[in-house]
Amino acid sequence: MKSDIENADILVSGGGIAGPTLAYWLRRAGFRPVVVERAPAPRPGGQTVDLRGAGRTVIDRMGLLDQVRQVAVDQRGLALVDRNGKHLAELPTEAFGGEGIVSDLEILRDDLAAVLHRATADDVEYLFDDTVTSLREDADGVHVTFENAPPRRFDLVVGADGLHSTVRRLAFGPESELVSPLGCYTAWFTARTDLDLDGWFLMYNAPGGLVASARPGRLPGEVKAGFSFRSGPLAYDRRDLATQRRLLTDRFTGRGWECDRLLAAMADADDFYFESLGQVRLDSCTRGRVALIGDAACCPSPLTGLGTSLALVGAYLLAGELASARGDFTTAFARFQQQMKPYAAKAQELPPGGVAGYAPNRRTMITLRAASMRWMTRRPFRTLMEAQAAKAGDVELPDYAVASAAPGA
């Protein structure tokens, strides 16, 4: 352990993507990270995420790219379908050099989280089945209380705990003031069904802002399904899965394509997850001895396809700047903010049409959506798509000394 590092004891809240990545780089630099995670183990379930641009570079510098490729999902691309299952438009994975809507390296969220956990489990302390309940900062550190574990003091605290971040709420303010809703709700789950996708990520639009989708999982016979719908604010208990399932059943029953079959599969899914879409835009993602990364700091929403890139890049930059500053968090936080803010701002720009383009209300707009996707590989639509794809790599990743020493770097 290096003895000349200040503020070496760092609590990281969140054991998904950003948290373990940050812990990996901090540990390599001689810090002592502790990761606290609400789930009792690495969280199962979740949909396929894109590993593209600078996010892929971070995984490569960790020496984990081969492991990720071994559990990648094989998909032919995205296809829009009508109520009878006919393909209205297709965008193959190969389009835009593998950086299109479906990238050439897609991995299930829980598979990526498992790779990152394995890379850190031997030398990083994890507190599973727990969460932060209070933060009290003073001149020398942060006193942290937990739901289950005894209180502890840390030099720094990092929130990597998602859109509904507990650390952000405790240190920055209420979620209602910091999260901008996009007027859309979405659910993901694994469907045990014999639906034949032929390798395609199939997406179906129905009037009223409804979207149903199904894409291949990694295992035989596994379908990763989703439902989304546009709506104003809904009052519901995030722990009440039965109510969430009823919301979806009421909207999608009898709406065509495979909606009824997917609804039936949803009832038995043990990884069902329901979420409102929103974005987090902060003037600063650091305050005192607390910093935020990933969705807690700058959630772009799944519509951009860049949430994973932001999580990986943010973790890499924050750890790298803390290492370069030898733990001087005031200097490190300022440099991190300077590098991260422009990248996040571009990544948060929604694709053309935004939520209305993803979930059109009227049949005429659904038809137009399919037409625009057929034209996407032609000018001028191709130029717009290329600009969207380029955002994933639109950041310079410094070659920190600790990164150069990482396995496979």
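Residue Thr166 comes nearest to Thr131 through the heavy atom pair OG1-OG1, 4.1 Å, listed as atom of the first residue, atom of the second, then distance. Of all non-hydrogen atoms in Arg374 and Leu88, the two that sit nearest each other are NH1-O, 2.8 Å. For the residue pair Pro216 and Gln75, the shortest heavy atom distance occurs at CD-OE1, 3.6 Å. Summarising the geometry of Val73 relative to Gly217, their closest heavy-atom pair is CG1-O, 3.8 Å, with the distance given to 0.1 Å. Looking at every heavy atom in both residues, Val35 comes nearest to Gly15 through CG1-CA, 4.0 Å. Between Ala206 and Ile366 the shortest heavy-atom distance is C-CD1, 3.6 Å.
Using bins of under 30°, 30° to 60° and over 60° for the plane-to-plane angle, the ring pair Trp25/Tyr316 lands in the perpendicular bin. Between His117 and Tyr126, the two ring planes are perpendicular [angle over 60°; tilted spans 30° to 60°].
Taken to the nearest 0.5 Å, the CG atom of Leu312 stands 6.5 Å off from the CG atom of Leu51. Separating the OG atom in Ser284 from the CD atom in Gln337 is a distance of 4.0 Å, to the nearest 0.5 Å. Going from atom CG of Leu91 over to atom CG of Leu78 covers 6.5 Å, rounded to the nearest 0.5 Å. Separation of atoms CG (Leu182) and CG (Leu277) is listed at 6.0 Å; rounding is to 0.5 Å. In this structure, Tyr273 OH and Leu241 CG are separated by 11.0 Å, a value rounded to the nearest 0.5 Å. The CG atom of Leu310 sits 8.0 Å away from the CG atom of Asp295 when rounded to the nearest 0.5 Å.
Take Asn205 and apply the side-chain hydrogen bond (donor to acceptor under 3.5 Å, both in side chains) test, not counting sequence neighbours, and it matches Arg369. Applying the ring-ring contact (aromatic ring centres under 6.0 Å, His included) criterion to Phe274, with sequence neighbours excluded, gives Tyr185, Tyr236. Under the ring-ring contact (aromatic ring centres under 6.0 Å, His included) criterion, Phe333 pairs with Phe329, sequence neighbours left out. With sequence neighbours excluded, the residues satisfying side-chain hydrogen bond (donor to acceptor under 3.5 Å, both in side chains) with Thr145 are Thr133, Ser134. The side-chain hydrogen bond (donor to acceptor under 3.5 Å, both in side chains) search around Glu222 returns none, not counting sequence neighbours.
Of the charged side-chain nitrogens involved, at least one lies within less than 4.0 Å of a carboxylate oxygen, so that Asp111 and Arg218 count as a salt-bridged pair. The pair Arg287-Glu137 fails the salt-bridge criterion, with no side-chain N (NZ, NE, NH1 or NH2) lying under 4.0 Å from an Asp/Glu carboxylate O. Between Glu175 and Arg238 there is no salt bridge, since no side-chain nitrogen of the basic residue lies less than 4.0 Å from a carboxylate oxygen of the acidic one. Under the 4.0 Å criterion applied to side-chain N and carboxylate O atoms, Arg289 and Asp140 are not assigned as salt-bridge partners. Using a 4.0 Å cut-off between a side-chain N of Lys or Arg and a carboxylate O of Asp or Glu, Glu90 and Arg76 do not qualify as a salt bridge. A salt bridge is defined here as a Lys NZ or Arg NE, NH1 or NH2 lying under 4.0 Å from an Asp or Glu carboxylate O, and Arg56 with Asp104 meets this definition. With salt bridges taken as basic N to acidic carboxylate O contacts below 4.0 Å, one links Arg153 and Asp138.
Within a 6.0 Å radius of CG in Asp74, no more than 12 heavy atoms belonging to other residues, nucleotides or ligands are found. Around CD of Glu125, the count of heavy atoms belonging to other residues, nucleotides or ligands within 6.0 Å exceeds 12. Residue-environment remark: CE (Met365) stays at or below the threshold of 12 foreign heavy atoms within 6.0 Å.
For Arg245 and Phe272, the positive end sits near the middle of the six-membered ring, less than 6.0 Å away and at most 45° from its axis.
The side-chain heavy atoms of Val223 and Leu197, taken from C-beta on, include a pair separated by under 4.5 Å. Taking 4.5 Å as the limit, every side-chain heavy atom of Tyr24 sits out of range of all side-chain heavy atoms of Leu116. Between Glu275 and Trp188, the closest side-chain pair of non-hydrogen atoms falls below 4.5 Å. Using a 4.5 Å cut-off on side-chain heavy atoms (C-beta onward), Thr57 and Val313 make no contact. In this structure, the side chains of Tyr358 and Met203 come closer than 4.5 Å at one or more pairs of heavy atoms. Looking at Val179 and Arg168, their side chains come closer than 4.5 Å, going by heavy atoms from C-beta outward. Contact annotation: the side chain of Tyr204 never approaches that of Leu80 to less than 4.5 Å [non-hydrogen atoms, C-beta and beyond]. Within the 4.5 Å cutoff, side-chain heavy atoms of Leu317 are placed close to those of Leu397.
In this structure, Gln339 contributes its side chain and Val395 its backbone to no donor-acceptor pair below 3.5 Å. Without hydrogens or angle criteria, Arg27 side chain to Val124 main chain gives no donor-acceptor distance under 3.5 Å. At distances below 3.5 Å, not a single donor-acceptor pair connects side-chain atoms of Asp130 with backbone N or O atoms of Val36. Looking only at distances, no side-chain donor or acceptor of Asn7 sits under 3.5 Å from a matching main-chain atom of Asp155. Panel note: side chain Thr48, backbone Leu108; no donor-acceptor pair is recorded below 3.5 Å. Side chain of Tyr343 to main chain of Ala392: a donor-acceptor pair is present (N/O by atom type, distance under 3.5 Å, no hydrogens or angles). In this structure, the side chain of Asp4 does not engage the main chain of Arg326 through any donor-acceptor pair within 3.5 Å. When atom types are taken as modelled, the side chain of Gln279 and the backbone of Gln348 share a donor-acceptor pair closer than 3.5 angstrom. The closest donor-acceptor contact from the side chain of Lys224 to the backbone of Ser213 lies at 3.5 Å or more, if one exists at all. Checked by atom type and distance alone, the side chain of Arg52 never pairs as donor or acceptor with a backbone atom of Glu106 at under 3.5 Å.
Val280 pairs with exactly one of Ser165, Cys299, Cys298 by the side-chain contact (heavy atoms from CB on, under 4.5 Å) rule, that one being Cys299.
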(message) Leu105 vs Arg69, test: side chain to side chain contact (heavy atoms under 4.5 Å, CB included). Steps then yes/no.
(response) CA-CA 7 Å; Leu105 184 52; Arg69 291 190 187 280; 4.3 Å; yes
Criterion side chain to side chain contact (heavy atoms under 4.5 Å, CB included) on Leu11 and Val132, from CA distance to verdict: CA-CA 10 Å; Leu11 177 67; Val132 175; 3.9 Å; yes
Please assess Val158 against Ile10 for the test side chain to side chain contact (heavy atoms under 4.5 Å, CB included), listing each intermediate value before the final yes or no. CA-CA 7 Å; Val158 180; Ile10 302 177; 4.1 Å; yes
Practice task
With side chain to side chain contact (heavy atoms under 4.5 Å, CB included) as the test, would you mind laying out the steps for Ile59 and Leu112 before giving the verdict?
Solution key: CA-CA 10 Å; Ile59 291 293; Leu112 179 57; 4.3 Å; yes
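Residue pairs meeting the salt bridge (charged side-chain N to carboxylate O under 4.0 Å, His left out) criterion with at least one member in residues 345-360, sequence neighbours excluded, are Lys346-Asp394, Glu349-Lys391.
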